[in-house]
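What you see below is based on every heavy atom in this structure, not just the backbone, and it leaves out hydrogens, waters and symmetry mates.
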Amino acid sequence: MSDPAAEVPVGPDGLPRCPWALSAPDYLAYHDEEWGRPVHGDDALFERLSLEAFQSGLSWITILRRRPGFRAAFADFRIADVAAFTDADRERLLTDAGIIRNRAKIDATLANARVLATWNSGDLDTLIWSHAPETPGPAPHTLADVPAVTTESTALAKTLKKEGLRFVGPTTAYALMQACGLVNDHLETCAARTTR
């Protein structure tokens, strides 16, 4: 049996990390300060949901590096503000070099905001967190132990789609669950696993 610690590289501070965290400086900060930490609040979760949808088919580093542009373009992902975007705003987004100019993903984000604007405050937070696993799974030893889809993410995607949200498949839903702390997929020997 291989030593799990041998598969977890050490960061500049001498602490072990998940391998992907050391592939770029942007990743290291995101891994240590955000990924896997609980996120609450409808607007904050709308941002994560939107960015995960934009990431579909792309590397996360592409989204992470453009996050300031996304926040500026989408009114800091305030649901009420994005829901009020006009056709002129949509055209502006389609020409904004600071974001991913994918028509389907932009349209989905605007449509999702309009759906969520009709919900009561806290409903999105409650819905997403109601799909957190009841008991935490075992700590992954290697990246190969980390799933792309789970029963819970499939159920979350199905529920979100039923409520009228778009670009929320099971893989996107699981990435959201990882990013927002519903699950802890830091590797067993990763220093961030116990500090989240």
Q: Ignoring hydrogens and angles, tell me if any N or O in the side chain of Tyr30 forms a donor-acceptor pair with the backbone of Trp35 under 3.5 Å.
A: no
**Q.** Shortest non-hydrogen separation from Leu15 to Ala191 and the atoms involved
**A.** CB-CB, 3.9 Å
Q) Which residues satisfy the salt bridge (charged side-chain N to carboxylate O under 4.0 Å, His left out) test with Asp87, sequence neighbours excluded? A) none
(Q) Is the shortest side-chain heavy-atom distance between Arg48 and Glu34 below 4.5 Å? (A) yes
Q | Audit row: Phe74, Asp81, side-chain contact (heavy atoms from CB on, under 4.5 Å) steps and yes/no | A | CA-CA 8 Å; Phe74 285 97; Asp81 291 347; over 6 Å; no
Q. For Asp26, what residues pass the side chain to side chain donor-acceptor pair (under 3.5 Å) criterion, not counting sequence neighbours?
A. Arg65
(Q) Can you pull out every ring-ring contact (aromatic ring centres under 6.0 Å, His included) where at least one residue sits in residues 86-121? Sequence neighbours excluded, please. (A) none
Q) What pairs of residues pass the side chain to side chain donor-acceptor pair (under 3.5 Å) test when at least one of them lies in residues 97-116, not counting sequence neighbours? A) Arg90-Asp107
Q: Could you tell me the separation between the CG atom of Leu165 and the OG1 atom of Thr172, rounded to the nearest 0.5 Å?
A: 12.5 Å
Q.
Pair Leu93, Leu110 - check side-chain contact (heavy atoms from CB on, under 4.5 Å), show working.
A. CA-CA 10 Å; Leu93 293 168; Leu110 300 181; 4.1 Å; yes
Q. Is Ile106 close to Leu94 at the side-chain level, that is, under 4.5 Å between some pair of heavy atoms?
A. yes
Q) Under the 3.5 angstrom rule, does the side chain of Thr171 hit a backbone N or O of Val149 as a donor-acceptor pair? A) no
Q | Sub-4.5 Å side-chain heavy-atom contact between Ile128 and Cys180 | A | no
Q: Taking ring-ring contact (aromatic ring centres under 6.0 Å, His included) as the test, write out the residues that go with Tyr174, two or more places apart.
A: none
Q. Within the distance-only criterion (no hydrogens, no angle test), does the side chain of Thr118 pair as donor or acceptor with the backbone N or O of Val115 below 3.5 angstrom?
A. yes
Q. Is a side-chain donor or acceptor of Arg66 paired with a backbone partner of Ile99 at a separation under 3.5 angstrom?
A. yes
Q. Which pair of non-hydrogen atoms, one from Ala173 and one from Leu156, has the smallest distance, and what is that distance?
A. CB-CD2, 4.1 Å
Q) Looking at residues at least two apart in the chain, or sitting in another chain, which of them share a side chain to side chain donor-acceptor pair (under 3.5 Å) with Glu47? A) Arg71
**Q.** Taking every non-hydrogen atom, the tightest pair across Tyr27 and Ser23
**A.** CD1-OG, 3.0 Å
(Q) Test of understanding: with ring-ring contact (aromatic ring centres under 6.0 Å, His included), list the residues that count as partners of Phe70, not counting sequence neighbours. (A) Phe54
Q: State, yes or no, whether a side-chain contact exists between Leu28 and Pro12 at a heavy-atom distance under 4.5 Å.
A: yes
Q.
Please check: side-chain N/O of Asp96 versus main-chain N/O of Gly98, any donor-acceptor pairing under 3.5 Å?
A. yes
Q: With sequence neighbours left out, write down each residue that passes side chain to side chain donor-acceptor pair (under 3.5 Å) with Glu163, or none if nothing qualifies.
A: none
Q: Using the side-chain contact (heavy atoms from CB on, under 4.5 Å) rule, take Arg17 and Asp32 through it: C-alpha gap first, then chi angles, then the decisive distance, then the call.
A: CA-CA 9 Å; Arg17 299 297 200 296; Asp32 287 0; 2.7 Å; yes
Q. Do any pairs count as a salt bridge (Lys or Arg N to Asp or Glu O under 4.0 Å) and have a residue in residues 123-146, sequence neighbours left out, and if so which ones?
A. none
Q.
Going by ring-ring contact (aromatic ring centres under 6.0 Å, His included), name the residues that satisfy it together with His31, two or more places apart in sequence or in a different chain.
A. Trp20, His186
Q | Taking every non-hydrogen atom, the tightest pair across Val10 and Leu22 | A | O-CD1, 3.4 Å
Q) Judged by atom type as modelled, is there a donor-acceptor pair below 3.5 Å linking the side chain of Trp129 to the main-chain atoms of Val39? A) yes
(Q) Among residues at least two apart in sequence or on other chains, which ones pass side chain to side chain donor-acceptor pair (under 3.5 Å) with Thr126? (A) none
Q.
Is it the case that the side chain of Arg193 and the backbone of Asn184 share a donor-acceptor pair, with hydrogens and angles ignored and the cut-off at 3.5 Å?
A. yes
Q.
I'd like to know whether Gln55 forms a side-chain contact (heavy atoms from CB on, under 4.5 Å) with Glu52, so could you lay out the CA-CA distance, the side-chain angles of the two residues, the decisive distance to 0.1 Å, and finally the verdict.
A. CA-CA 5 Å; Gln55 185 271 331; Glu52 292 295 348; 4.2 Å; yes
Q) Are Leu45 and Leu49 connected, step by step, through hydrophobic side chains (Ile, Leu, Val, Met, Phe, Trp, Tyr) whose heavy atoms are closer than 4.5 Å? A) yes
(Q) Quick check: closest heavy atoms across Met177 and Pro133, and the distance to 0.1 Å? (A) CE-CD, 4.1 Å
Q.
Within the 3.5 Å criterion, strictly below it, is a donor on Glu188 or His141 matched to an acceptor on the partner's side chain?
A. yes
Q.
Would you say that Leu127 contacts Thr159 through its side chain, given a criterion of any heavy-atom pair below 4.5 Å between the two side chains?
A. yes
**Q.** Any residue meeting side-chain contact (heavy atoms from CB on, under 4.5 Å) with Ala117, in chain and number order, not counting sequence neighbours
**A.** Ile79, Ala83
**Q.** Interatomic distance, Ile100 atom CD1 to Ile63 atom CD1 [nearest 0.5 angstrom]
**A.** 4.5 Å
(Q) Can you give me the closest heavy-atom contact between Pro170 and Ala157, atom names plus distance? (A) N-CB, 3.6 Å
Q) How far does CD of Gln178 sit from CG of Leu176, to the nearest 0.5 angstrom? A) 9.5 Å
